[in-house]
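Reading through the structure tokens given below for one structure.
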Protein chains: 2
Amino acid sequence: MGNTRITMKGLAKILGVSTSTVSRALKDHHSIGEETREKIKKTALKLGYIPNSVASNLRRRKTNHIGVIVPRIDRYFHSSSISGIEEVANEAGYYVSIFQTKDSYIKEVESVEILMSNKADGIIACLALETSDIDHYKQLANTKIPLVLFDRVCNDLESNKVLINDYDAAFKACDHLAKIGCKRIAHIAGNLNSSIFKARLEGYKAALIANNLTINEDFIFYGNILSEEEGRHFANALFDMNTKPDGIFCANDITAVSVIQTARERKFSVPQDIAVVGFSNTPISKIIQPSLTTIEDHAFEMGQASARLLIKQIEDNDQNIVSETLIIRNELIIRESTVPAE
Amino acid sequence: MGNTRITMKGLAKILGVSTSTVSRALKDHHSIGEETREKIKKTALKLGYIPNSVASNLRRRKTNHIGVIVPRIDRYFHSSSISGIEEVANEAGYYVSIFQTKDSYIKEVESVEILMSNKADGIIACLALETSDIDHYKQLANTKIPLVLFDRVCNDLESNKVLINDYDAAFKACDHLAKIGCKRIAHIAGNLNSSIFKARLEGYKAALIANNLTINEDFIFYGNILSEEEGRHFANALFDMNTKPDGIFCANDITAVSVIQTARERKFSVPQDIAVVGFSNTPISKIIQPSLTTIEDHAFEMGQASARLLIKQIEDNDQNIVSETLIIRNELIIRESTVPAE
DNA sequence: TTGTAGGCGTTATCAC
DNA sequence: GTGATAACGCCTACAA
């Protein structure tokens, strides 16, 4: 057990061959003779040789490393997308490292810097809520490191994107509320700095208009991180109103669940007093009572698509295509929070 | 924008100094004159210099990179521990990359190999269910890369460990069931290949014995990944029995929730017909109705403790301490699934 | 089929 | 205070 690990040079010396031969043998280069190769591989194994990727990466100018930047991995949407990314990336010989921004702009900038310094082959990112200045991503552009933004993207940035049509999804959700007879539809909106929450708000408004309902600013709650606490806070405010909404579209499942729970505590019934729709079809939406009507946004598939797109950019390098945008399907899933089980 | 990024060498040439001076200036080395330093930093910024960590890592033999290996990041316990790890690691100047094994032995071995090759400064791991052969971790030992195992550890391996007392936690859970009057306590066990599930089963048995209850093998359901489906399957089997249990301790919250849901579907009431206890205090346990009695295992704190322990090993390198084991506290949280709200 | 030599970009050690 | 030089471990043109 030497203090320092054996290297190719060491193996070469022991076997009386050159380092290039060792290097080639270990990579199954065709030009190496059968017996030399076997011999080298055997002793490499015996001596516990471990390739040094750091050196190899430096030399090859390639790391086989994809960086993923997401707001918070403990949100179902993100952990699912990461799973999708990982599946595709590993299959293609890349490993994935994950950076959590906790929706902080600073952390996002730092993450991008680390990934640039570490020469990641590509980056997949979902923007932090705080992020509006995007110079760090622009800088990325002239490092030739491909970027895919997913879900929360930025329109000011020309880059590859994978997203759903949030406007359309929100429209469907609110149109459904209108069709089941809601007249006073409220909305818990997310941080409007973020593309998706802006689009969901627009979709909400459009659906009301399309159904000849008036848009009441008092019925729009402007949230930020859409945590359970925020949801409870808004729900309480809502149930304190004189003229209460009879339907609500929440920009995520977490706040929708809070509304249902608050309704229960305050003896309102869902959907009779108020119908509730969430967003993302997280596991909890099936478990809560009444179960939650929500939008399925296919997070896992978004992750897969993002990784495929990124790897294509890394490997094909088609100079003609400047950027590509993929829209992933979404569906309204109707459950008891809008249509009671008979 | 040239095709390849500027390096220290390039900066040196442009400024008419040596690379060593550039290197030192950018790191605020004291021996560099005020004006030279400023000048170098300014042009570095202007020309968009990005340090190449790959080269630096090779030279310094240090990557400031901690690898984390977990079964599945979409389980609340793991995403919380990762958050704890990240917080501590980032604070100390390390970045964290995450590998998901999906409980597969092969993926675990591959992850360790990638991290060894990439010269991670340390590894934090939670064993995959499939893992019983631990040679890959033993190999790690003679690379001098410190390892911390957390939660699901391995007794055959001398390494740093951070865990809770699962035996004790399970004992508390089942003792509680006995004290509220349950006479026929069932258990949904996890994969017994895993230390924690073995300990929870032991704790269960010990609590029954301590309360003079007989251990009925028919009441022990041997699960594997403890998914919702497994939970439903066992719950249905349980409710089909002639003599039904009147209490059940589930080795995780997911299966406990399935039991509650199945009970509801089959018109049994919780806790009157059967009292239910889960494990991990996941967010869902507060939301389900009735809310779930469970064990709080402080995942976030386990993550923090693991990272602190690892970083200590990386930086102190105290040759006297071979390994260290930390036991994190746990508590029984009593909710409506065992004690109805009045 | 194998060897030689140079360099990937940085930093540590000497020297001046 | 600054520079020259070598080395981290690997890969690859070129040569033999």
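Computation of the quantities below employed the complete heavy-atom set of this structure, encompassing side-chain atoms and omitting hydrogens, waters and symmetry-equivalent molecules. Naming convention: chains lettered A, B, ... in sequence-line order (proteins, then strands); numbering from 1 in each chain.
Atom CE of Met8(B) is separated from atom P of dT10(C) by 5 Å (rounded to the nearest Å). Between the CG atom of Leu15(A) and the P atom of dG3(C) there is a distance of 11 Å, rounded to whole Å. Note: CG (Leu26(B)) to P (dT10(C)) measures 9 Å, nearest angstrom. At whole-Å resolution of the value, CG in Asp28(B) and P in dG1(D) are 15 Å apart. Regarding Leu11(B), its CG atom lies at a distance of 16 Å from the P atom of dT2(D), rounded to whole Å. Straight-line distance from the CG atom of Asn57(B) to the C1' atom of dC8(C): 14 Å, rounded to whole Å. Following rounding to the nearest Å, Lys27(B) (NZ) and dT2(D) (C1') show an atom-to-atom distance of 18 Å. Rounded to whole Å, the distance from CD1 on Ile50(A) to C1' on dG9(D) is 14 Å.
Using a 4.0 Å heavy-atom distance criterion, Ser31(B) is classed as a base contact. Among the atoms of the strands shown, only primed sugar atoms or phosphate atoms (P, OP1, OP2) are found under 4.0 Å from some heavy atom of Ile32(A). Residue-level contact check: Val17(A) touches the backbone only, with heavy atoms under 4.0 Å from sugar-phosphate atoms and none from bases. Within 4.0 Å (heavy atoms only), Ser53(B) reaches no atom of the nucleic acid at all.
The base of dG3(C) sits with one of its N or O atoms less than 3.5 Å from a complementary donor or acceptor on the side chain of Arg24(A). The base of dT10(C) lies outside donor-acceptor range of the side chain of Arg59(B), with no N or O pair under 3.5 Å. Between the base of dA4(D) and the side chain of Thr19(B) there is no donor-acceptor pair shorter than 3.5 Å.
Using cut-offs of 30° and 60° for the angle between ring planes, the Phe150(A) and His78(A) rings count as perpendicular.
Contact annotation: Ser56(B) side-chain N/O to dT11(C) OP1/OP2 distance is under 4.0 Å. In this model, the phosphate group of dC10(D) is approached by a side-chain N or O of Tyr49(A) to a distance below 4.0 Å at OP1 or OP2. Between Ser23(B) and the phosphate of dT11(C), there is a side-chain N or O to OP1/OP2 separation shorter than 4.0 Å. Side-chain N/O atoms of Thr7(A) include none lying less than 4.0 angstrom from OP1 or OP2 on dG9(D). For the OP1/OP2 pair of dG9(D) and a distance below 4.0 Å, the side-chain nitrogens and oxygens of Arg61(B) include at least one atom meeting the criterion. Applying the 4.0 Å criterion to OP1 and OP2 of dC10(D), one finds that Lys9(A) has every side-chain N and O outside that range.
Minimum atom distance to the side chain of Ser20(A) is reached by dT4(C), of the listed dT2(D), dT4(C), dC11(D).
Checking side-chain atoms of Arg152(B) against main-chain N and O of Ser194(B) turns up no donor-acceptor pair under 3.5 Å.
Between Thr21(B) and Arg60(B), the residue whose closest nucleotide on DNA chain D is further toward the 5' end is Thr21(B).
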Audit row: Asn193(A), Glu130(A), side chain to side chain donor-acceptor pair (under 3.5 Å) steps and yes/no: CA-CA 7 Å; Asn193(A) 191 32; Glu130(A) 280 183 19; over 6 Å; no

In sequence, state the C-alpha distance, the side-chain angles, and the governing distance for Lys312(B) and Glu324(B), and then conclude on salt bridge (Lys or Arg N to Asp or Glu O under 4.0 Å). CA-CA 11 Å; Lys312(B) 197 174 68 169; Glu324(B) 210 170 325; 3.0 Å; yes

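Residues Glu108(B) and His136(B) bring a donor and an acceptor atom of their side chains to less than 3.5 Å of each other. Residues Ser104(B) and Thr101(B) have side chains that never bring a donor and an acceptor to within less than 3.5 angstrom of each other.
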